[in-house]
Amino acid sequence: MDLLRFTTAGSVDDGKSTLIGRLLYDSKSIFEDQLEAMEESSRRRGDENVNLALLTDGLKAEREQGITIDVAYRYFATPKRKFIIADTPGHTQYTRNMVTGASTANLAIILIDARKGVIEQTKRHSFIANLLRIQHLVVAVNKMDLVDYSEEVYQKIVQDFRNFASRLDNIVEITDIPISALNGDNVVDKSENMPWYQGPTFLYHLEHVYVGGEENHVDARFPVQWVIRPMSDEWHDFRGYAGRVAGGVFKPGDEVTVLPSGFKTRVKAIHSPDGEKAEAFAPQSVCITLTEEIDISRGDTLVKTNNPPQVSQDIEAMICWFSNKPMPPHAKFVLRHTTQETKAIIQDVKYHVDINTLHKIEGVDSFSMNDIGRISLRTATPLIHDSYRRNRITGSFILIDPGTNETVAAGMII
Amino acid sequence: MPNYHLSNLDQLEAEAIFILRETAAQFENPALLFSGGKDSIVMAWLARKAFWPARMPFPLVHIDTGHNFEETMTYRDEFVELIRASLVVGSVQESIDQGRVVEEKGPNASRNKLQTVTLLDTIEKNQYDACLGGGRRDEEKARAKERFFSHRDDFGQWDPKNQRPELWNLFNGRKNPGEHFRVFPLSNFTEMDIWMYIQRENIPLPSIYFSHSRDVFERNGSLLAVTEFLKPQDHETVTQKIVRFRTIGDATCTGAVESTASNLDEVIAEVAAARQTERGTRSDDKRSETAMEDRKKEGYF
């Protein structure tokens, strides 16, 4: 079975949780006991209809305030596909969760309230989806029932959005669908209220959209995670390198270079408890043995000799700031990249991006929560990396505040 | 160009193995929490694969309520042997004897909640800094918000409103002394994925997952098994039924379902057609609307 990971983004009250609830409800992915519990809560709260948002709003505070605070992961399957939904909140202060959900998604749903049209949050979320290299967008224009199912209103919103999105260079494909999550129009079943709309329903599109592998199958990269040494009689001299292929394909006999040391050797075998494998590709987790004994440890990376990555201590990157404490100028951080951890110092803040206009704001030297911008930083040890555009795994990093251990920023290498 | 495409199960396996290895690498003294239920069985199976041909570099830890189905205990010892793991047992009975916890009273008394104290004591005594758990996000609404690497403060508590963002393959396991992590490698598995994986890998399971004849009685909509730890009240009638269990927990709060599914194929067909969630059989989740969140904040599995 195929797997599609998507993320939903929207503003407060534009009905995102209701849409997901509707999707699960109409595709019969909600169980009877969940429905009973929901009906019971709705009744207690005095809601007129069953409040489908209660299905995703799992935490106490969320139920009390009627808003989504944290990323919730939802699962459902149809005979065509299994789906993982990262349901992310639309509040300004929780943008970090939107970035989190987007980092592992193949597709993003941008939800727009038909009465409000394209607003700041819509642009912010689209920009983040693009920044994190999500190639497929679904623009769901919701609450069509509240604008009398007007085609004119819908077309204007679609046009406004396309005008904005033409500047988002990573987006490969956009599909627009007019829906009413509350009433179920065009979610799973085709709406009788919008005969002017000839396109697919929301679920049909998710089931059929072609999503090419996000993995890079060209540049062979294997960050070593753990060294396996059984020290047993049976496996006396066994020394295997465990990790998850971050890009490309490895086969026994391939010449590889160990970075950062630069030693060259060959792949002897690719092991698994089910027997040796003929090849390993992203995102498989495997164990590789080499023909020569070389000193290799966690944080080192095996690459094919004829296709090396960048190896550098000076990094240019776009970052998104998560912490509610602003970044001090020339701050020092712990940087995590693949299986490597090193120290990093911010050398320069180049600019912020105004997410409404996509204009650069220069002359800034710090970051506050939700700021997105370009920096240059220097690391204590070289990063074995590719650009994020080329490889999401070897091109991404997080910054950790060494004082609080909090993850304060996410970075994408340029 | 060859088709470099992984199926849903292969992707889940690769992800879980990555998380298990990351846990071994980032922490000094991890442990794998093993209940004898299907999720922790799958997790332990994946751990065997992740470090093969070496043994897994952490023990299995079983928090024993003393209220077990006998079949689970027999199975536990055989399985531990099969995957060449070592076993550490934390006993709720011992916590009661030492006065660390007080046994609940009344017909609905359960040791489920008491486990949290024994679990936190076991973690502290052995100084585990990361505990691998078999929790899945599709199980329950509070679990849906859980991270792979989930921080616990020095009282073992979870703060769901202040979780660290998790991006890509990057997991931040940094902590201060006294704090620890719960790690959930099976986060993205669904109940169906677990069953399909068990079938694909041919993993042995405790017999009570399959249909058998048992004396049961009904309480609060659950079919509970008559055991030495749980007796029916006067107004409750005991009948013999053909049942199986969808989840395995403490014998006092895990309900059975009527079922004739006697092998994996039949169980999978039944799960696919089920209209009740598996935790619908767990009376411990029905104590309040946010029962799971409340227990998790305290340090529950």
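These values consider heavy atoms only, across backbone and side chains, with no hydrogens, waters or symmetry-generated copies.
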Tell me, side chain or backbone of A:Glu234 under 4.5 Å from chain B's heavy atoms, or both, or neither? neither
B:Arg137 meets the salt bridge (charged side-chain N to carboxylate O under 4.0 Å, His left out) criterion, sequence neighbours left out, with none
Proximity of B:Phe27 and B:Phe181 rings by center, below 6.0 Å: yes
B:Leu6, B:Asn172, B:Ile17: which one forms the most heavy-atom pairs within less than 4.5 Å of chain A? B:Asn172
Okay, A:Arg336 and chain B: the region with an atom under 4.5 Å from a heavy atom over there is both
Indicate yes or no: does B:Glu13 engage A:Arg244 in a salt bridge with an N to O separation below 4.0 Å. no
Does a side-chain N-to-carboxylate-O contact under 4.0 Å join B:Asp138 and A:Arg74? no
Atom group of A:Ile398 that falls short of 4.5 Å from chain B, counting heavy atoms: both
Residue among B:Ala50, B:Ala14, B:Ser187, B:Ala25 with most heavy-atom pairs under 4.5 Å to chain A: B:Ala14
Quick one: of A:Glu341, A:His271, A:Arg392, who has the most non-hydrogen atom pairs under 4.5 Å with chain B? A:Glu341
Aromatic ring centroids of B:Phe171 and B:Phe149 under 6.0 Å? yes
Does the separation of the ring centres of B:Trp45 and B:Tyr197 fall below 6.0 angstrom? no
One option among B:Pro53, B:Ser7, B:Ala24 has the most heavy-atom pairs under 4.5 Å with chain A, and it is B:Pro53
Which of A:Arg298, A:Met231, A:Gln284, A:Arg229 touches chain B most, by non-hydrogen pairs under 4.5 Å: A:Arg298
Need one label for A:Tyr73: side chain, backbone, both or neither, based on atoms under 4.5 Å from any heavy atom in chain B. both
Can you check whether B:Trp168 and A:Tyr388 have ring centres sitting under 6.0 Å from each other? yes
Which atoms of B:Leu9 come close to chain A, meaning under 4.5 Å heavy atom to heavy atom: side chain ones, backbone ones, both, or neither? neither
Carboxylate-amine/guanidinium proximity below 4.0 Å for B:Lys49 and B:Glu201: yes
For chain B, which of A:Arg5, A:Arg81, A:Gln225 has the most heavy-atom pairs under 4.5 Å? A:Gln225
Between B:Ala16 and chain A, which part of the residue has a heavy atom less than 4.5 Å away: side chain, backbone, both or neither? neither
Interface residue of largest heavy-atom contact number with chain A, from B:Asp193, B:Asn188, B:Asn176, under 4.5 Å: B:Asn188
Proximal component of B:Arg21, with respect to chain A [non-hydrogen, under 4.5 Å]: both
Among the listed options A:Ile84, A:Val249, A:Val245, the residue most often paired with chain B at heavy-atom distances under 4.5 Å: A:Val249
Answer yes or no for B:Arg136 and B:Phe189: cation-pi contact, defined as NZ/CZ to six-membered ring centre under 6.0 Å and angle to ring axis within 45°. no
Against chain A, label B:Gln26 side chain, backbone, both or neither, depending on which of its atoms sit under 4.5 Å from a heavy atom there. side chain
Going by the rule salt bridge (charged side-chain N to carboxylate O under 4.0 Å, His left out), which residues pair with B:Asp10 if we only count those two or more places apart in sequence or in a different chain? B:Arg200
Counting heavy-atom pairs under 4.5 Å with chain B, which one of A:Thr339, A:Thr338, A:Thr404, A:Val334 comes out on top? A:Val334
What option among A:Thr407, A:Val408, A:Ile393 has the most heavy-atom pairs under 4.5 Å with chain B? A:Thr407
If the plane angle is over 60° it's perpendicular, under 30° parallel, otherwise tilted; pick one for A:His217 and B:Tyr4. tilted
